[in-house]
Amino acid sequence: MRTTRSVPARPALIAALALATVGSLLLTPGAAGADPKPVTREGPAVDDRAAQAPASATRRALTEDIPAGTTTRAYPRRLVLSPDPANPGDKSLKLGLTPYHAIAPKLNALQRLGDRVSVEVTGRSAGGHRLYLVTVTAPETTRQARAQERMRELIRDAPAAAATSREIKRDYKTPVFVNNNIHGNEWEGTDASLRTIERLATAKDAKTRDLLAHSRLYFNITANPDGRIAGTRANANGFDLNRDFVTASQPETRAMRQIELGTQPAVLLDLHGYVNGTLIEPTTPPHGENYEYDLFLKNTYANALGMESAVNALGYTPAKDGVEAAQIPFRDQEEGWDDWPPIFTPQYAAFHGTVAAHTVEIPLAVNNEEYDELPVPELRRRSAINTAVAGAAIGATLAHVREHRGTLITDQIEVFRRGVTGAAQVPVSAQTVPGVPGIGPEDVYTTRFPRAYVIPAGDARAQRSGPAAARLVDHLIANDVRVTRATRPFRLAGRTYPRGSYVVDMHQPKRGMANVLLADGRDISGKVSVMYDISGWSLGRLWGATVERVPSGSLRGAPLRAIGEAAPVARVPAHGDLRLRLTDPREIAALNSLLRQGVAVRRADDGSVVVPASARRAARAVARDHDVSFTATRQTGTAPLHRLRVAAAVTPGELFALREMDFDVTPVSTAVLNAGFDWSGTDVLFVSAGLEHADLTGPARGALDAFLDGHGLVGRGATGAALNAAAGRLAVKPVEGNADANGVVKVTNTGGITRGAPDHGFAYAPLWFTDPGPGVRVEQSYATGNPLVAGHWRPLPGGTGGPAAAAGQASVVSGDHTVLFGTEPLFRDHPKGEFPQVARALFTVAHSASVKESG
């Protein structure tokens, strides 16, 4: 463990502590967090509240287009913003901060202050609010702006040439990205940025002129306007945007991604709250193994020291203000605040060349209980301090950029050089990262990049994963990963691949991005005792496409053509009845579209569906809309299907995934049922969160039990299993594993619900089922041995609840028009290849229930 520290090491994360304890409800300044606390999660690890997001927010997230890159233009770029209606309910007002409706007028005024400030709209939030990017820089002609773009591309695409370019050394403007308010109820970064922009717009001192002459400063004013207005951590879809970067399901995340791709920041700040004292990245182990951590640590730690000094120099004290001294987790903590997953803004940025990237947690809590219970003067006192702390962090970062821009750009070039040339990573040590105290073996995380990944075409497995392969390829390209496609058959590492196969050459600038998405990941259970968030996420295992890792070999002479999008999958045979597989969420959405139109679809014995030839026109339309393929069939099908009406007490990610598959979903919860719910319009109930049988009123419980007597139930996790037991349905014993465990798990599929599903799944707080009674079918089991492929899953202190206990046990069971899941097949809208399991479960139990009822 670490031995060199400026303060005593604090203990590991204590899971029972909630972050809210950092900010006391007492009114004295010293009570805001006088005793340093271990770093803890920002709220529960697993969301157990029933989602209530409106369907309109889902539709907007699924259809919102991020504006395409505009033609290079001069700076400043004038944009007069129309005002938003005043909203007296905006939660920012109580804190004395800038409400969302005041931002557009403020940005208009800032543009009028001179020639340094430009405003652009990068998209709209899930709730329909505009997302604003402000650029602050010295004026540029169109020619100069084009030169900046050319140099930025040279740094990424030809790093060897960029390393010796006198033009880059002399003229390139260091890109800096300040991201604010990604968690809607962590407000003050927005106000600190607005104040910083105003100061920069008019400052005449030499340092400011030098900074703006050699830098472009990009401010995402509020990354989450929905949450800012509503006072919620999440956006209008209920998503934590700082967990969405791998999946990019939300329009706000895609807008941030586009900013990073378009600006290629060398430095990034992501302003959050609330940890007292102010927490400044770099973090504790484990460290992301796919990026160039030596360069990241070197620059991130150096800038952290400057921010720490600036924050402490504000003069706030525990006794006077309730503000503790700033802390740097890498130096001051053993574990519990890691940078392992790429779901966080700074870690995602590292894969795009950012060499100094920081989460900054400002100190005094003003959200959640504090927002509701503290008096307004105390809330505003805290917000003023937080705004000043965020401003100090921004100011120190800009000073660091002005003084070290040469090193920052040199190191960004080196990141891309290693990728292009296939160079080995450099393990961190006191020799490779001088000046950073306490580097030990616990900080060394590297990986061995393969020569390539191949997503095959042509064979039976590849054809089955057609929509999944196309989705995966398009997602890689959206993340700036370069993908090629074979124009004819070719051989690589002793194997022949067919024409049309996709190849990801790992000698490319963003090899880390490619590998973090496609690789299996690692079981790090033995490395640290606890993780801050998820520990496994592999798209190669969870998205349903066939992905082959090619460790070595030569691509020289391979018939590969660079592509900008995947080849279309859509196909409808000209004659005969049609068969549609149900192994991909796009296929489920196509099926639901056909059912909505009244097409007579029938189930087939192999788990697919049969569409009559008379519906060929409708099939062509859904094939085109959802990019799915139909095949000709002589099957006649069995039972007819009808469009389902689903009542769902589920997490936000699950609700979003159900709607993504085009199910007709009505959100419910304990409160909704207690208020009186009309079950007559419902075919099936899906429960995983926020519905407790014991908390229902007598009438609500009776109505639910009556519904379940004649309809289907799909349950997930402990909440679903508890409802199953309370309703006396499926005779099984649910066993809860370690609630902190999560990751990619190996599974064995044995039933109709899981037919065609990938042999990997995702688990968080894993559950399994034992002691099956009569009529219970095992649909899926955790693999024998150690089922964990990548992630963090330890036994509980008594030795129970670990992967060895789960091995070989049932993870999905069914019977008596009920299906129970112990895995997380819809987690945060991420494991796309698992979605059809839930869809099949819904159709199976609803239709078997309707058959039983009619019989």
Side-chain angles (χ1 to χ4, degrees), residues 50 588 591-592 595-596 598 600-603 609 637-650 654-655 658 661 663-717 719-732 734 751-753 769 772-777 779 812-821 837-855:
I588 304 297
L591 167 62
N592 279 326
L595 294 174
R596 191 189 319 110
V601 181
R602 302 181 73 86
R603 286 187 285 183
V609 293
T638 55
L641 295 177
H642 62 79
R643 183 160 173 82
L644 297 187
R645 300 162 297 177
V646 182
V650 294
E654 290 171 323
L655 178 61
L658 290 172
M661 291 186 286
F663 281 104
D664 182 0
V665 186
T666 300
V668 296
S669 64
T670 302
V672 169
L673 299 193
N674 283 340
F677 181 72
D678 181 4
W679 288 100
S680 63
T682 301
D683 298 304
V684 59
L685 174 64
F686 182 19
V687 173
S688 67
L691 203 168
E692 302 294 337
H693 195 267
D695 294 338
L696 295 172
T697 64
R701 190 180 304 120
L704 171 61
D705 291 343
F707 171 82
L708 291 177
D709 282 343
H711 295 80
L713 170 66
V714 175
R716 185 202 52 82
T719 300
L723 180 61
N724 170 77
R729 298 180 69 81
L730 211 56
V732 292
I753 299 294
F769 305 97
V776 175
R777 294 184 298 273
E779 298 279 345
V812 183
V813 293
S814 68
D816 190 23
H817 47 276
T818 300
V819 177
L820 300 178
F821 287 89
Q837 297 177 47
V838 173
R840 287 189 180 194
L842 293 170
F843 278 114
T844 298
V845 301
H847 285 83
S848 64
S850 65
V851 168
K852 177 179 178 180
E853 187 176 51
S854 64

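The structure presented is a predicted model; accordingly, all values stated were derived computationally and were not measured. For the numbers below, each heavy atom of this structure counts, side chains included, while hydrogens, waters and symmetry mates do not.
- With His847 contributing its side chain and His642 its backbone, the two residues share a donor-acceptor pair below 3.5 Å.
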Could you pull out all donor-acceptor pairs under 3.5 Å where a side-chain atom in residues 690-697 meets a protein atom, sequence neighbours excluded?
residue, atom, partner, partner atom, Å
His693, NE2, Asp705, OD1, 3.1
Thr697, OG1, Asn674, OD1, 3.4
Thr697, OG1, Ala700, N, 3.3

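- Ala50 and Ala649 make their closest contact through CB-CA, 4.3 Å (heavy atoms, listed as atom of the first residue, atom of the second, distance).
- Without hydrogens or angle criteria, Gln837 side chain to Ile753 main chain gives no donor-acceptor distance under 3.5 Å.
- Looking at heavy atoms from C-beta onward, Thr682 lies out of side-chain contact with Val668 at the 4.5 angstrom threshold.
- In terms of heavy-atom proximity, Pro734 sits nearest to Phe769 at CA-CD2, 4.0 Å.
- Looking at Asp816, its side chain never comes within 3.5 Å of a backbone N or O of Thr818 through a donor-acceptor pair.
- In this structure, CG in Leu673 is found 8.0 Å from CG in Leu685, a value given to the nearest 0.5 Å.
- Atom CG of Leu641 sits about 9.0 Å away from atom CZ of Arg602, to the nearest 0.5 Å.
- By the 4.5 Å heavy-atom criterion applied to side chains, Arg643 and Asp683 are not counted as neighbours.
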Please assess Val665 against Val650 for the test side-chain contact (heavy atoms from CB on, under 4.5 Å), listing each intermediate value before the final yes or no.
-> CA-CA 11 Å; Val665 186; Val650 294; 6.0 Å; no

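- A donor-acceptor pair under 3.5 Å is formed between the side chain of Arg729 and the backbone N or O of Leu708.
- Taking 4.5 Å as the limit, every side-chain heavy atom of Phe821 sits out of range of all side-chain heavy atoms of Glu779.
- The line from CG of Asn592 to CG of Asp664 is 9.0 Å long, rounded to the nearest 0.5 Å.
- Within the 4.5 Å cutoff, the side chain of Val813 has no heavy atoms near those of the Pro772 side chain.
- Minimum heavy-atom separation, Thr719 to Ala689: CG2-N, 3.9 Å.
- The shortest distance between side-chain heavy atoms of Leu842 and Leu658 falls below 4.5 Å.
- For the salt bridge (Lys or Arg N to Asp or Glu O under 4.0 Å) test, residues two or more places apart in sequence or in another chain that qualify with Arg596 are Asp662.
- In this structure, Val838 and Phe663 have side chains that are not in contact, with every pair of non-hydrogen atoms separated by 4.5 Å or more.
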Go through Arg603 and Phe843 one step at a time and tell me if the side-chain contact (heavy atoms from CB on, under 4.5 Å) criterion holds.
-> CA-CA 10 Å; Arg603 286 187 285 183; Phe843 278 114; 5.7 Å; no

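- Looking only at side-chain heavy atoms (C-beta outward), Val776 and Leu730 come within less than 4.5 Å of each other.
- Using a 4.5 Å heavy-atom cutoff, the side chains of Thr666 and Val672 are not in contact.
- By the ring pair (Phe, Tyr, Trp, His ring centres under 6.0 Å) test, Phe707 pairs with Trp679, His711, sequence neighbours left out.
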